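Scroll down for the structure; my scribbles are underneath it.
Since we're looking at a predicted model, the values are computed, not measured. Chain A is the first sequence line, chain B the second, and so forth, proteins listed ahead of strands; every chain is numbered from 1.
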Amino acid sequence: MTALAFTADHVAHGRRQRRNTCRRVIGCAVVALAAAFALTLTLGQSFTPPQVVLDVLLGKDVPGASFTIGQLRLPRAVLAILAGLSFGLSGAAFQIMLRNPLASPDIIGISFGASAAAVFAIVFLSASGAVVSLLAVTGGLAVAVAIYGLSSRNGVAGTRFILVGIGVAAMLESFISYTLSQAPSWNLQEAMRWLTGSVNGAQLQQALPLSAALVGFGGLLLSQARNLEALRLGDDMAAGLGVNVARTRLLVIMGAVGVLAVATAVTGPIAFVAFLSGPIAARLVGSEGSLLMPSALVGAILVLGGDYVGQFLLPTRYPVGVVTGALGAPYLIYLIVRVNRTGRSL
Amino acid sequence: MSDLQPRRLAAIPALRFHRPSRVFWLAIMLAALAVLTVLSVAVGTRDVAWHDVFPALAGHVESIEQAAVAVRIPRTLLAVLAGAALAVSGTVMQGVTRNPLAEPGILGVNMGASLAIAIGVAWFGIASTQAFIWTAIAGAWGTAIFVYAIGSLGRGGATPLKLALAGTATNVAFVSLVLAVLLTRNDVAGGMRSWQVGGVGGATNDRTAAILPFLAAGFVVSLLSARKLNSLALGDDVAAGLGERVARTRVVASFGAILLCGATTAACGPIAFVGLVVPHLCRSLFGSDYRWLVPIGAVAGASLLLVADVVGRVVARPSELDVGIVTAFLGAPFFVWIVRRQRIREL
C-alpha cells in the first residue's frame with residue numbers, strides 16, 4: 001500500500017518536474033529569440049545604438065537609421081521569425097504524426113508542392129503577391145491530398161505515406177528545375193529562393209498573410225496537440241484512448257500544410273528547418289508535453305540565426321536556406337544513424 | 001555443381017517453357033530499339049523528311065535538314081549508352097541490396113556524383129573530360145557506401161523504407177551543398193545549371209568516346225556478376241551455403257553499377273528513375289534471372305531513354321524538355337505504383 005502511494009507520488013513528482021523543464025525550455029527559447037531579434041536589429045553592416053532602434057520602432061523618423069532598420073533589417077527579421085515558426089510547427093506536426101523524424105514535409109515533397117505552384121505562377125502566369133501565396137497554399141494542399149490519397153489502401157500506413165511522398169518529391173523537384181530554366185530572365189538569386197529559400201528582399205506587408213496563417217492554421221494545429229501526443233503511442237493505442245485517428249490526422253495535415261505553404265510562398269522552402277526543429281526541440285524538452293510550441297521557437301531561432309550567419313559571418317553572402325542546409329546535413333546524418341540504430345521515433 | 005544445376009532445371013518442362021518467349025521478347029525489344037534509334041534521328045523540333053535522313057546518316061551535310069540530323073546523331077548515341085548504363089546500374093543495385101526501390105537516382109548516388117563535380121569545377125578548376133569522369137565516379141562511390149551504410153544500420157538491415165529515406169535525405173542535403181558551392185562562383189553556375197537537370201542535348205562524340213571505356217568495364221563487371229546476384233537473391237545465408245563469398249560479390253557488383261552510373265552522370269548530369277523502372281518492367285516479362293535481366297535491361301533502358309528524349313523534343317516545341325525531366329515524370333508515378341502494391345516485397 002505504502003509502496004503504491006510512493007510510486008504514484010514519485011510519478012506525479014517526475015511528471016511535474018518534466019513539465020517544469022518544458023516550461024523552462026520554452027521560456028529560455030523565447031528569451032533567446034528576443035535576444036537574436038534585438039541583435040539583428042542593432043548590429044548589421046553597421047552598428048545602430050539600441051536607443052535609435054527603439055525610436056525607429058516607435059515610429060520616429062531618424063535620418064539614415066529609419067531606412068536601414070525600417071526598410072531593411074526589421075522586415076527581414078520579422079519574416080525570418082514568422083517563417084521559422086511556421087516551418088518548425090509544421091515539421092514537428094508531421095514528424096509526430098508519422099512517428100518518424102525523417103518524415104518532415106521538406107523531405108516527403110509537401111514543401112516542393114507549394115514551391116512548384118509558386119514558381120509556376122511566377123514564371124508562366126506572371127503572378128505576384130497574394131495570388132502566389134494562394135496558389136502555393138493550393139499546391140501544397142493538393143500535393144498533400146494526393147500523397148494521402150495515393151498512400152491510402154485499407155487505411156493510410158505511415159511507411160507508405162513517406163515513400164509515396166518521396167516519389168512525388170522527385171517529380172516536383174524536376175518540375176521546379178524545368179520551370180526555372182524556362183524563366184525569361186533567369187537569375188540565380190531568384191532561383192535560390194525557390195530551391196533553398198531566402199529572406200532577401202523582404203517587405204513588411206508580406207508578414208500579414210504569414211501571421212494570419214499562423215493564427216488560423218497554427219491554432220488548428222495547437223488545438224490538436226493532445227490528440228497528436230496520443231498518436232505518438234501508435235494508431236491502435238490512440239484509438240483505444242478515444243482519439244478519432246482519421247480525423248486527427250486530417251486536421252493535422254490541413255493545419256501543418258497551411259502554415260507551411262504560406263511560409264513557403266513568401267520565403268521559399270528554407271532547407272531543413274522543418275526537419276531540424278522537431279528533433280532539436282525533443283532533445284531540449286524531453287518526453288513531457290507537446291513538442292509543437294518548442295519546435296516552432298527552435299525553427300524561428302534557426303531561421304533568424306541562419307540568416308544572420310549567412311549575411312555577416314561568412315566570406316560570401318549566402319541566403320539563409322544554404323546556411324541551414326549546410327548546417328542541417330551533418331545533423332541529418334547523425335539523426336539517421338541514431339534513429340536506425342535504436343529504431344526509435346522522435 | 002554449378003553446371004549440374006541448369007541441366008536439372010532444364011529437365012522440368014514448366015521452367016523450360018520460358019526460354020523461347022525470352023528470346024522472342026528480346027528480338028522484339030531489339031527491333032524496337034532500332035526503330036527508336038531511327039526515330040530519334042528523324043524527329044525533333046525541326047521536321048526532317050525521310051529523303052534527308054538517310055543521306056545525313058551517310059555523312060552528307062548539304063541542307064539545313066541534313067545538318068539537323070547530323071546534330072542528332074551524337075545525341076542519339078549518348079542516349080542509347082546512358083539509358084543502357086543507368087538501367088543496368090539500377091538492376092545490379094536492386095540485386096545487390098535486394099531492395100525494390102534501389103536506384104542510382106533515389107539513393108542519391110547521381111547527386112553525389114554531381115556534388116563531386118560541382119566541388120571539382122568550383123574549387124579545383126577541373127576541366128578535362130577525364131577529370132570529370134573520375135571525379136563523378138569517386139563521388140558516386142562515396143555516396144553509395146555512405147547511403148547504404150546509414151540505411152542498413154539497426155534492426156532489419158537495409159529495408160526499402162530506411163534505404164529510400166537515407167537516399168532522399170542525402171539527396172536533399174547534397175542539393176543544398178551543391179548550391180552553396182555554386183553560389184560563390186557565379187561564373188561556373190550557369191554552365192552547371194543546365195547540366196544539373198540531366199540531359200543528352202549537348203552531346204558530342206568526343207565526350208561519348210571518353211566515357212565508353214568506363215561503361216564497357218561496368219557492363220562487363222555487371223554481366224559477370226549476374227550469376228552471383230542470382231545466388232544473392234536467395235538470401236545471404238543460402239548464398240553463403242552455395243559457396244558464394246557474399247561480401248565480395250556485393251563489393252564487386254556494386255563497383256560495376258557505380259562505374260556505370262558515375263560515368264553516365266559525368267556525361268549527362270543526374271538522370272533519375274531509369275534504373276528503377278526498367279528492372280521492374282523486365283522482371284515482370286522475363287522473370288528474375290539476372291543473367292537475362294542485365295542484357296535485356298540494357299536494351300530496354302536504351303529504348304526508354306530514347307523515347308524520353310524524343311518525347312522531350314516533341315512536347316515542348318519550339319523549345320525542348322531535358323530528358324531528366326521526362327524520366328522523372330514517367331518514373332515517379334511508377335515508383336508510387338510500386339510502393340502502393342500490397343506489401344513492399346524484398347527481392
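Under the side chain to side chain contact (heavy atoms under 4.5 Å, CB included) criterion, B:F329 pairs with A:M171, A:S174, A:F175, B:I325, sequence neighbours left out. The side chain to side chain donor-acceptor pair (under 3.5 Å) test applied to B:D309 returns B:R75, B:R313, not counting sequence neighbours.
Note that CG of B:L321 is 4.5 Å distant from OH of A:Y178, once rounded to the nearest 0.5 Å.
Contact count against chain A (heavy-atom pairs under 4.5 Å) is highest for B:F146 among B:F146, B:W337, B:F334, B:F174.
Nearest heavy atom pair, residue A:I166 against residue B:F335, reads CG2-CZ, 4.2 Å.
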